[in-house]
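Since the structure comes first, as structure tokens, the remarks are kept for the end.
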Amino acid sequence: MEKYNPSQIEPKWRKLWAETKLYQTDIKAAKNPYYNLWMFPYPSGARMHVGHAYASTGADIHGRFMRMNGREVFQPMGFDAFGIHGENYAIKVGRHPKELMDELCDRYRDEQFKRMGHGYDWSHEVRTYDADYYKWTQWIFLKLYKYGLAERKKASVNWCPSCKTVLADEQVLCGSCERCEAIVESKELKQWFFKITKYADHLLDNLQVINWPQKIKVMQINWIGRSEGAKINFPIFNSQFSNKKEFIEVFTTRPDTLFGATFFVLAPESEWVDKLTTNDRKREVGNYVRRAKSLTMQQRAQQKEKTGVFTGSYVVNPVSGEEIPVYVADYVLFEYGGGAVMGVPAHDQRDHEFARSFDLPVVEVISSDSSVSDQISQEVYAGEGTLINSGQFNGMNSVEARKKIMTMLEEKGCGKEDVQYKLRDWCISRQRYWGAPIPIIYCEKCGEVSVPEGELPVLLPDTEDWRPTGTEESPLAAIEGFVNTTCHQCGGSAKRETDVCDTFLDSAWYYYAYPAYAGQRIIANRERITTNKISLPVDEMEDYPFQPDILKKWLPVDMYVGGAEHAVLHLMYTRFLTMAFQDLGIIGFDEPFERFFAHGLITKDGAKMSKSKGNIVNPDEYIEKYGADAFRTYLMFLGPYGAGGDFTDSGLNGMVRFLRRVCEVVCGDVKAESLSKERLRLMHRTVKKVTEDVRDFSFNTAIAALMEWVKKSQKSEENRSVEDNTFSREEAEVMLKLLAPFAPHITEELWQLLNGSDVKQFTKHRSVHFQDWPVYDPAFIKAKEVTMVVQVNGKLRGKVEVLSGIDEGRAREYALQNESVRKFMQNKKVKRVIYVPDKLINFVV
RNA sequence: GCGGGUGUGGCGGAAUUGGCAGACGCGCAGGAUUCAGAAUCCUGUGACCGCGAGGUCAUGUGGGUUCAACUCCCACCAUCCGCACCA
């Protein structure tokens with residue numbers, strides 16, 4: 001091949017691959033299945049981003065590698081195009097979401113993803129806004145509803161004033177909306193929730209058995225936020241209540257500090273506030289609560305000074321018997337631990353700040369066991385230590401005291417062990433248009449009724465008034481033909497739920513749909529569910545989208561590649577859903593992804609890419625100019641795939657140079673028929689290195705090894721003597737196979753040239769992508785002669801070539817033949833010799 | 001504040017897990033080719049001293065362990081990410 005011409009060969013091969021259905025997997029017949037999945041993208045801009053190209057390329061390389069290692073790889077693709085991200089973009093450009101998403105998905109697929117040369121099986125493409133898809137999203141909602149995992153309840157929820165909808169906790173980042181960065185407000189609204197909290201421990205425990213990056217596991221652990229402690233009852237001491245034995249419950253992780261509780265604080269939203277406020281303090285407390293409720297959570301957290309007001313009431317410390325004042329303060333969260341806190345100012349930073357503001361007594365009850373200087377440096381000691389000022393528990397270690405105090409409380413019936421979680425239920429209602437309608441109706445007589453499964457999907461009505469209203473109601477609420485319906489139970493008039501599902505529900509189950517999806521629809525299955533773990537008996541026959549044989553063959557997903565930013569969003573929701581599916585008896589496993597790999601992010605010229613900086617990398621331009629192979633390989637060469645890298649335009653030239661050199665080296669006239677030991681060693685070493693690196697997602701070093709191989713063999717003895725730059729046939733085949741996952745087009749072209757194949761007779765078996773991955777022979781890797789490093793006092797003083805495996809005495813002899821070494825050894829006495837066979841000898845003098 | 005990560009030439013990054021620091025690539029410099037440029041090829045490229053052979057210093061900073069430290073330990077600094085009044 002004279003010239004490296006990607007613009008000619010790349011489209012040619014993509015066309016042939018499509019025509020021969022090279023990447024279509026036989027879902028039913030596959031014997032050695034491997035489900036390789038990449039987080040499907042959501043179109044939220046005119047074109048695909050370079051981040052999509054980067055992430056998808058790494059996943060594709062993994063899939064190709066597994067295929068060449070004998071697995072039947074299923075690598076589907078689709079679009080997460082239902083939901084707020086796409087809708088926000090539609091609002092921005094003033095287009096109807098349906099029309100826009102059809103256009104964008106087609107463009108992303110046909111003009112962009114297909115040009116990357118990925119081995120996707122597009123015959124199973126999924127789009128989450130297809131009625132055939134969201135029918136099953138609604139079906140999932142109904143299943144969870146039926147078994148008590150979905151419920152409508154009034155709660156304090158996050159409201160994004162810009163997106164005009166509520167959001168789940170996970171979709172609020174540092175007090176701002178995940179999508180538009182507006183500051184989130186809190187509102188008391190009746191919304192639909194999925195009970196993910198029921199699975200808190202299951203989600204936590206399973207982290208120990210899945211092969212996921214530690215980073216993601218830690219984020220999930222922190223998000224679930226399991227705390228072990230106690231619930232303690234504080235009796236109310238107040239003239240208004242003197243006759244009743246009422247008490248307030250608080251949660252604490254430190255019951256050992258109970259003797260140090262000198263005050264009591266309620267969250268402004270707590271129902272106790274009204275009950276406990278004495279008449280003379282009603283006005284002041286009312287004002288404070290009103291003000292607190294008007295602040296966003298972020299504003300509350302950013303206040304420098306702790307604020308609050310006295311309610312006029314007292315509660316009794318259950319161990320010391322002291323009456324302690326009850327305050328209302330906005331530093332106490334209503335959603336956590338019952339919205340009340342016992343104030344221990346000596347051992348909690350926040351309580352200490354509050355006590356200082358209100359001149360409340362500080363009683364030290366834990367004495368630090370560490371040195372005096374440590375104690376002085378810390379105002380508030382939150383660590384473990386010895387109990388003081390704590391009655392019969394004095395002198396006891398705080399860890400032990402914790403248990404003893406809990407036992408005592410339990411015996412007295414005023415407390416018990418308890419576990420609290422930071423995790424809250426998943427709010428899935430959205431007051432938006434572009435989502436799956438929640439399949440529930442409200443009947444005047446029967447109340448809340450689910451839509452019968454046979455009536456699914458509840459179609460999203462077409463309308464021109466689809467923009468968010470800001471009235472706490474979805475635009476669907478204004479469409480009478482949609483809202484008004486009849487109750488299928490009593491036949492009376494009823495109204496539909498008008499909110500739609502969170503888009504994270506759409507994406508929480510898409511990988512179940514891929515294998516079941518063919519010809520744009522899910523092939524449903526009629527099955528009797530029998531293994532239901534949730535107590536309700538299930539005896540009906542019903543349609544469901546999971547065909548047992550396909551499920552068993554393809555799921556769980558073998559490898560999932562995606563961004564770490566979804567750690568507590570998609571990755572948490574989808575684990576929850578899988579666990580729920582198992583408990584519902586519709587699948588037989590509880591983790592969706594056996595392995596997950598989090599890719600890094602790319603920067604441009606050292607800076608984060610952003611429109612304002614004008615440093616956006618548009619993949620199309622680079623593919624056009626350099627070809628997909630060079631672009632792919634370059635992206636993977638930037639840095640470790642898990643860490644990302646920095647994109648510079650000039651770097652691509654180097655990759656084109658490399659691919660051109662590969663063409664030269666593979667297609668020149670073959671001169672070296674039998675390879676020297678050195679050349680063989682080089683080849684086997686490269687196979688080993690590339691195999692291990694690709695297996696470990698170390699794509700950058702795998703490419704470096706291939707480059708090194710080309711460079712070194714060009715300079716080897718054979719080539720120098722014949723003044724030629726070619727590989728032997730064996731080397732050429734191995735090179736093409738090793739490079740094939742990175743540069744699929746050019747390797748296919750060269751493979752066909754090498755084998756003199758006729759393009760018209762191209763089949764799977766003739767494709768380089770269906771060849772067996774090369775194996776290396778360790779016997780060839782081992783060198784007869786090795787370079788031994790000679791050190792004197794740990795400093796490099798010389799190198800000698802020695803036979804591999806010589807003993808220390810011989811090594812010593814060789815080493816001392818080196819002049820430079822002798823110079824440093826002169827007039828010195830050898831105290832010690834350290835010998836590392838085949839590597840190094842060090843004389844200590 | 002808490003949790004996790006990272007820190008190596010002009011730049012992106014290597015280093016078989018304690019054993020030759022800087023693989024590979026970009027960039028740069030010199031040379032070949034060319035009327036000239038582009039492209040391509042060859043050579044060089046951490047810093048400092050030296051004409052040279054060679055030497056000294058170098059992996060964020062300071063200490064330590066070791067014959068030997070980018071790698072292990074302690075302290076600190078910088079930076080990125082996540083969480084953030086979770087009792």
Side-chain angles (χ1 to χ4, degrees), chain A residues 173-175 213-223 225-227 229 250-254 257 261 265 297-298 300-303 306 329-333 335-344 347-351 353-354 382 420-424 564-565 567-568 600-603 605-606 608 634 637-640 643-655 657-658 660-661 685 688-689 692 698 700-711 787-799 819-820 823 831-836 839-845:
Chain A
L173 310 175
C174 295
Q214 197 54 29
K215 178 172 67 173
I216 306 290
K217 291 186 184 182
V218 167
M219 278 196 247
Q220 295 206 343
I221 290 167
N222 292 342
W223 188 258
R226 184 187 155 102
S227 297
V250 285
F251 175 73
T252 177
T253 52
R254 294 296 300 268
T257 63
V265 198
M297 290 316 285
Q298 207 185 24
R300 279 208 208 178
Q302 279 169 356
Q303 292 176 111
K306 293 268 179 288
D330 63 7
Y331 81 91
V332 176
L333 301 174
E335 298 83 27
Y336 187 84
V341 162
M342 64 179 204
V344 185
H347 305 290
D348 183 282
Q349 185 62 38
R350 298 150 303 182
D351 295 346
E353 286 166 25
F354 188 79
Q420 290 280 319
Y421 302 88
K422 205 183 84 112
L423 181 72
R424 288 208 294 153
E565 68 273 17
V568 297
L601 301 173
I602 357 182
T603 52
D605 299 323
K608 215 174 190 174
Y634 177 62
F637 186 62
L638 290 177
D646 191 50
F647 192 99
T648 45
D649 288 3
S650 57
L652 260 157
N653 289 321
M655 202 48 73
R657 272 197 279 271
F658 168 64
R660 201 179 286 149
R661 230 170 266 163
R685 235 175 43 197
K688 180 174 195 281
K689 174 83 178 144
E692 289 169 359
S698 292
N700 57 331
T701 49
I703 296 163
L706 292 172
M707 288 173 163
E708 208 175 339
W709 182 19
V710 172
K711 200 161 119 174
T787 309
M788 184 175 70
V789 170
V790 186
Q791 296 182 333
V792 179
N793 282 348
K795 287 202 173 173
L796 174 73
R797 295 302 176 194
K799 294 175 189 179
E819 268 183 48
S820 164
K823 205 171 83 191
K831 277 193 347 209
R832 211 178 135 190
V833 180
I834 289 111
Y835 178 57
V836 183
K839 271 200 181 136
L840 158 151
I841 188 158
N842 184 12
F843 297 99
V844 185
V845 295

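Order of the sequence lines fixes the chain letters, A, B, ..., with proteins taken first and strands second; residue numbering starts at 1 for each chain. Just so it is clear, the values below take in all heavy atoms, side chains as well, and ignore hydrogens, waters and symmetry mates.
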Inset, instruction - Establish, with yes or no, whether the OP1 or OP2 oxygen of B:rG25 is under 4.0 angstrom from a side-chain nitrogen or oxygen of A:Tyr634. - result: no
Inset, instruction - Compare side-chain N and O positions of A:Lys711 against OP1 and OP2 of B:rC24 and report whether any pair is under 4.0 Å apart. - result: yes
Inset, instruction - For side chain to side chain contact (heavy atoms under 4.5 Å, CB included), just list the numbers for A:Gln298 and A:Gln302, CA-CA rounded to whole Å, side-chain angles, deciding distance to a tenth of an Å, and then say yes or no. - result: CA-CA 6 Å; A:Gln298 207 185 24; A:Gln302 279 169 356; 3.9 Å; yes
Inset, instruction - Indicate whether OP1 or OP2 belonging to B:rG4 is found under 4.0 Å from a side-chain N or O atom of A:Lys217. - result: no
Legend entry - B:rA53 to B:rU8 separation - P atoms, rounded to the nearest Å: 31 Å
Legend entry - Contiguous pairing runs of three or more, Watson-Crick or G-U under 3.5 Å, that involve RNA chain B: B:1-7 with B:77-83, B:10-12 with B:24-26, B:27-32 with B:40-45, B:46-49 with B:54-57, B:60-64 with B:72-76
Legend entry - Shortest non-hydrogen contact from A:Tyr336 toward A:Gln420: OH-CB, 3.6 Å
Inset, instruction - First locate atom CZ of A:Arg661, then atom CG of A:Leu706, and finally report the distance between them rounded to the nearest 0.5 Å. - result: 13.5 Å
Inset, instruction - Give a yes/no on whether any side-chain N or O of A:Thr701 is located under 4.0 angstrom from OP1 or OP2 of B:rG13. - result: no
Inset, instruction - For the side chain of A:Asn222, starting at C-beta, report the closest nucleotide among B:rG19, B:rA87, B:rG3. - result: B:rG3
Inset, instruction - Provide the distance between the two C1' atoms, one in B:rU17 and one in B:rG82, to the nearest whole Å. - result: 28 Å
Legend entry - B:rC77 to B:rG62 separation - C1' atoms, rounded to the nearest Å: 10 Å
Legend entry - Phosphate OP1/OP2 of B:rA87 contacted by A:Arg254 side-chain N/O (<4.0 Å): no
Legend entry - Short side-chain N/O contact to B:rC24 OP1/OP2 from A:Asn700, under 4.0 Å: no
Inset, instruction - Determine whether any donor atom in the side chain of A:Gln791 lies under 3.5 Å from an acceptor atom in the base of B:rG19, or the reverse, and answer yes or no. - result: yes
Between protein and nucleic acid, restricted to nucleotides 27-30 of chain B and to nitrogen or oxygen atoms under 3.5 Å apart, what atom pairs and distances do you find?
none

Scan nucleotides 54-58 of chain B against the protein and return all N/O pairs shorter than 3.5 Å with their distances rounded to 0.1 Å.
from	atom 1	to	atom 2	distance (Å)
B:rU56	OP2	A:Arg797	NH1	3.4
B:rC57	OP2	A:Lys795	NZ	3.3

